[in-house]
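Residues: numbered from 1 along the sequence shown. Bear in mind that the values here come from a model prediction, so they are computed numbers and not experimental data.
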Amino acid sequence: MENKVLYGIKNVHIAKLIEKDGQITYGEPFALPGARGFSPDPQGEESKWYADNIIYFRKNSNQGYQGDLVVAMVNEQFETEIFGRTKDKNGAIIENAEDKESRFALMFEADGDDRQRRYVYWDCSASRPSREHSTKEEGLEPGTDSLPITIAPRSTDSAIGTYLEPTEENKAIYNKFFDKVYEKDATAEI
């Protein structure tokens, strides 16, 4: 049976993208816990060319997506591996105007009414998060970090992303989805 609806987000993982000599590889994925939401909007535009008093030719450009990934709190590994911040001997995370940000693969899971779907976007970048800090009142409402994410076509093959739902045939791949960044026609020998 196919999913009729998708809801929720969980199991967010990040893998640093490494581009060298025209080749892209990824570091070992790490968890970014506390996902609250992700809503990527398509980027690109439609071009129309008119002839014979009609739209004679139409082309849509796919420039990926942009959206905010909302998490409880950006963890230390994301701060240091992706934002390029340093950690001093006392454990302080230092932000510097000269920090070198890294691109990354974004992986996560969404629930469906029939089965979970696992996603990967291969070439992402993030801007510094917006953070909520507010006073504690009668009830406790934790703040969140909102990470602006840009998902671009990968420079080596223009691939943007994919999703995988479990079947009997792909069970081994699906179960190891977060161990390594999924690539087209992957095998279970990760």
**OP:** Decide side-chain contact (heavy atoms from CB on, under 4.5 Å) for Val74 and Arg131; before the verdict, give the C-alpha distance in whole Å, the side-chain angles of both, and the deciding distance to 0.1 Å.
**Re:** CA-CA 10 Å; Val74 173; Arg131 292 200 162 118; 4.1 Å; yes
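- Asp113 places a side-chain N or O within donor-acceptor distance of the main-chain N or O of Val5, the cut-off being under 3.5 Å.
- Note: the hydrophobic cluster containing Tyr121 does not contain Phe177 (ILVMFWY, side chain heavy atoms under 4.5 Å, direct or indirect links).
- Inter-residue side-chain proximity for Asp145 and Val70 is flagged as unmet; no heavy-atom pair is nearer than 4.5 Å.
- The aromatic rings of Phe78 and Phe30 lie perpendicular to each other, with more than 60° between the two planes, well past the 30° mark.
- Checking Thr156 against Gln23 by side-chain atom types alone, no donor-acceptor pair falls below 3.5 Å.
- One finds no salt bridge joining Glu28 and Lys16 here, because no Lys/Arg side-chain nitrogen approaches an Asp/Glu carboxylate oxygen to under 4.0 Å.
- For the pair Leu17/Ile24, a side-chain contact is recorded, criterion being any heavy-atom separation below 4.5 Å from C-beta on.
- Side chains of Glu45 and Ser61: no donor on one and acceptor on the other come within 3.5 Å.
- The CE atom of Met107 sits 12.5 Å away from atom CG of Leu164, with the distance rounded to the nearest 0.5 Å.
- Cluster annotation: Val181 and Tyr119 are assigned to distinct hydrophobic clusters (Ile/Leu/Val/Met/Phe/Trp/Tyr, side-chain heavy-atom contacts under 4.5 Å, transitive).
- Atom CD1 of residue Ile14 and atom OG of residue Ser102 lie 12.0 Å apart, to the nearest 0.5 angstrom.
- One finds the NZ atom of Lys48 at 9.5 Å from the CG atom of Asn60 (value rounded to the nearest 0.5 Å).
- The shortest distance between side-chain heavy atoms of Val12 and Val71 does not fall below 4.5 Å.
- Between the OG1 atom of Thr80 and the CD1 atom of Ile93 there is a distance of 6.0 Å, given to the nearest 0.5 Å.
- Note: Tyr50 and Tyr56 fail the aromatic proximity criterion, with ring centroids not under 6.0 Å apart.
- The shortest heavy-atom contact between Pro153 and Ser158 is CB-O, 3.8 Å.
- Listed here is the closest heavy atom pair of Pro33 and Asn75: CD-ND2, 3.6 Å.
- Side chain of Asn62 to backbone of Gly64: a donor-acceptor contact under 3.5 angstrom is found.
- Salt bridge absent: Arg103 and Glu81 never bring a charged side-chain N and a carboxylate O closer than 4.0 Å.
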**OP:** Carefully, step by step, assess Arg154 and Glu183 under the rule salt bridge (charged side-chain N to carboxylate O under 4.0 Å, His left out).
**Re:** CA-CA 12 Å; Arg154 192 164 50 182; Glu183 293 287 355; 2.9 Å; yes
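- With Asp52 contributing its side chain and Ile54 its backbone, the two residues share no donor-acceptor pair below 3.5 Å.
- Ile82 and Leu69 fall within the same hydrophobic cluster, where Ile, Leu, Val, Met, Phe, Trp and Tyr residues are linked whenever their side-chain heavy atoms come under 4.5 Å apart, directly or through other members.
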Original post:
What's the verdict on side-chain contact (heavy atoms from CB on, under 4.5 Å) for Asp68 and Ile149, showing C-alpha distance, side-chain angles and the deciding distance?
Top reply: CA-CA 6 Å; Asp68 289 343; Ile149 303 282; over 6 Å; no
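- For the pair Arg118 and Tyr174, the cation-pi criterion (under 6.0 Å, within 45° of the ring axis) is fulfilled.
- Using a 4.5 Å heavy-atom cutoff, the side chains of Gln66 and Asp41 are not in contact.
- By the neighbour-count criterion of 12 heavy atoms within 6.0 Å, atom CZ of Arg36 is sparsely surrounded, having that number or fewer from other residues, nucleotides or ligands.
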**OP:** Step by step, work out the side-chain contact (heavy atoms from CB on, under 4.5 Å) result for Phe178 and Phe108.
**Re:** CA-CA 8 Å; Phe178 298 113; Phe108 62 92; 5.5 Å; no
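- Side chain of Asn175 to main chain of Ala172: no donor-acceptor pair is present (N/O by atom type, distance under 3.5 Å, no hydrogens or angles).
- The backbone N or O of Leu106 sits nowhere less than 3.5 Å from a side-chain atom of Trp122 that would complete a donor-acceptor pair.
- Counting heavy atoms from C-beta on, the side chains of Thr150 and Tyr65 never come closer than 4.5 Å.
- When atom types are taken as modelled, the side chain of Arg115 and the backbone of Pro166 share a donor-acceptor pair closer than 3.5 angstrom.
- A 4.5 Å side-chain heavy-atom check between Phe57 and Lys59 finds at least one atom pair inside the cut-off.
- Surrounding NZ of Lys10 are more than 12 heavy atoms belonging to other residues, nucleotides or ligands, all under 6.0 Å away.
- Here the closest non-hydrogen pair linking Gly112 and Leu6 is CA-CD2, 4.0 Å.
- Annotation for Met73 and Leu32: closest pair O-CD1, 4.3 Å, computed over non-hydrogen atoms.
- Between Glu95 and Arg128 a salt bridge is recorded (basic side-chain N to carboxylate O distance below 4.0 Å).
- Remark: Ile160 CD1 to Cys124 SG distance equals 10.5 Å, nearest 0.5 Å.
- Residues Pro148 and Ser146 share a closest heavy-atom pair of CD-O, 3.3 Å.
- The pair Arg58-Glu46 meets the salt-bridge criterion, since a charged nitrogen lies less than 4.0 angstrom from a carboxylate oxygen.
- No donor-acceptor pair closer than 3.5 Å links the side chain of Asn170 to the backbone N or O of Ile173.
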Subject >> From CA spacing to verdict: ring pair (Phe, Tyr, Trp, His ring centres under 6.0 Å), Tyr26, Phe104 >> reply: CA-CA 8 Å; Tyr26 297 93; Phe104 57 93; over 10 Å; no
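- Val120 has its side chain out of reach of Tyr163: every pair of non-hydrogen atoms, C-beta onward, lies at least 4.5 Å apart.
- What you find for Ala35 and Ile9 is that their closest heavy atoms are CB-CG2, 3.9 Å.
- In this structure, CZ on Arg117 lies 6.0 Å from CG on Asn3, to the nearest 0.5 angstrom.
- Salt bridge status for Lys184 with Asp157: absent, with no side-chain N to carboxylate O gap under 4.0 Å.
- Looking only at side-chain heavy atoms (C-beta outward), Pro129 and Phe83 come within less than 4.5 Å of each other.
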